[in-house]
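Heads up, the thing below is written out as structure tokens.
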Amino acid sequence: MLRFDLISIFPEYLSPLKLSLLGKAQNKGLLQINIHDLRDQTTDLHQSVDDTPYGGGAGMVMSPVVWGDAIDEITSNGQVIDLIILTPAGKKFNQQMAVKFSKCDQIIFACGRYEGIDARVGDYYRSQKNFRVHEVSIGDYVLGGGEVAAMVIIEATARLLPGVIGNPDSLREESHSISGQDDQQLVEYPNYTKPAQWRGLEVPQVLLSGNHGEIAKWRRSEAERRTRNLEQE
Ligand code: ADE
């Protein structure tokens with residue numbers, strides 16, 4: 001069972017992980033999500049987790065001492081652990097990465113705040129043979145912290161696990177539209193449901209035809225059209 005551990009100074013910020021698809025998946029025992037408060041590792045009166053940057057500059061940097069202690073505490077022996085450090089300087093998250101993460105045993109998310117986490121945390125765990133370290137960004141913008149980014153990655157990853165999504169056919173259809181054939185990256189075709197007419201707008205006739213070959217062709221060409229339009233934006 002895939003186990004997600006999140007470390008944050010705002011554990012309450014992560015409470016949506018109990019809801020909806022992810023909540024149900026945890027209740028069914030399909031995955032585990034554990035949330036840890038970084039401040040539990042502090043030993044000083046003020047429970048400080050950060051300090052001024054060496055070399056000067058604005059902002060504060062999160063301490064490697066508290067982060068190391070927090071990560072060690074949830075490290076179980078034996079299995080490989082994937083440590084994801086959320087940072088706008090990381091590799092851009094995408095569906096392929098979600099597929100890879102869905103095959104892991106335990107993923108620890110280090111949700112940093114401020115100017116990020118002391119760089120030695122990544123270096124240290126990269127040197128440990130039971131760890132794989134990934135620095136990941138969810139997009140080219142700067143968030144206040146890694147919490148929302150971790151939730152994005154968990155949502156995209158967890159729905160790929162067997163049993164999490166009610167109808168596994170929807171995953172199969174998506175994988176066609178996302179990884180595409182011939183390695184082309186296509187977005188999904190548009191979807192419609194009843195009523196057939198709504199505010200003067202009609203559902204494309206081909207979808208009402210019952211001709212599965214024509215429907216598949218139409219969806220493919222719509223996916224290509226949408227993909228071309230995105231590229232032109
Ligand atoms: N922390 C701040 N900005 C971020 C981003 N874009 N992705 C991941 N973590 C972040």
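Hydrogens, waters and symmetry mates are skipped; everything else that's a heavy atom, side chains included, is used. Note that ligands are numbered from 1 as they come in the structure, with each ligand's atoms numbered from 1 the same way.
- Checking Gln106 against Asp5 by side-chain atom types alone, a donor-acceptor pair falls below 3.5 Å.
- With Glu135 as the partner, the salt bridge (charged side-chain N to carboxylate O under 4.0 Å, His left out) test is satisfied by one option alone out of Lys91, Arg126, Lys92: Arg126.
- No hydrogens or angles considered: a donor-acceptor pair under 3.5 Å links the side chains of Asn34 and Gln32.
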Pairwise, report which nitrogen or oxygen atoms of ligand 1 are under 3.5 angstrom from protein nitrogen or oxygen atoms, and how far apart they are.
unit_1: ligand 1; atom_1: 3 (N); unit_2: Leu143; atom_2: N; d: 2.9
unit_1: ligand 1; atom_1: 6 (N); unit_2: Gly139; atom_2: O; d: 3.2
unit_1: ligand 1; atom_1: 6 (N); unit_2: Tyr141; atom_2: O; d: 2.8
unit_1: ligand 1; atom_1: 7 (N); unit_2: Ile138; atom_2: N; d: 3.0
unit_1: ligand 1; atom_1: 9 (N); unit_2: Thr87; atom_2: N; d: 3.3

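- Tyr125 and Asp72 are linked by a side-chain donor-acceptor pair at a separation below 3.5 angstrom, with hydrogens and angles left out of the test.
- Between Arg132 atom CZ and Asp82 atom CG the span is 4.0 Å, to the nearest 0.5 Å.
- With Tyr13 as the aromatic partner, Arg113 meets the cation-pi criteria of under 6.0 angstrom to the ring centre and within 45 degrees of the ring axis.
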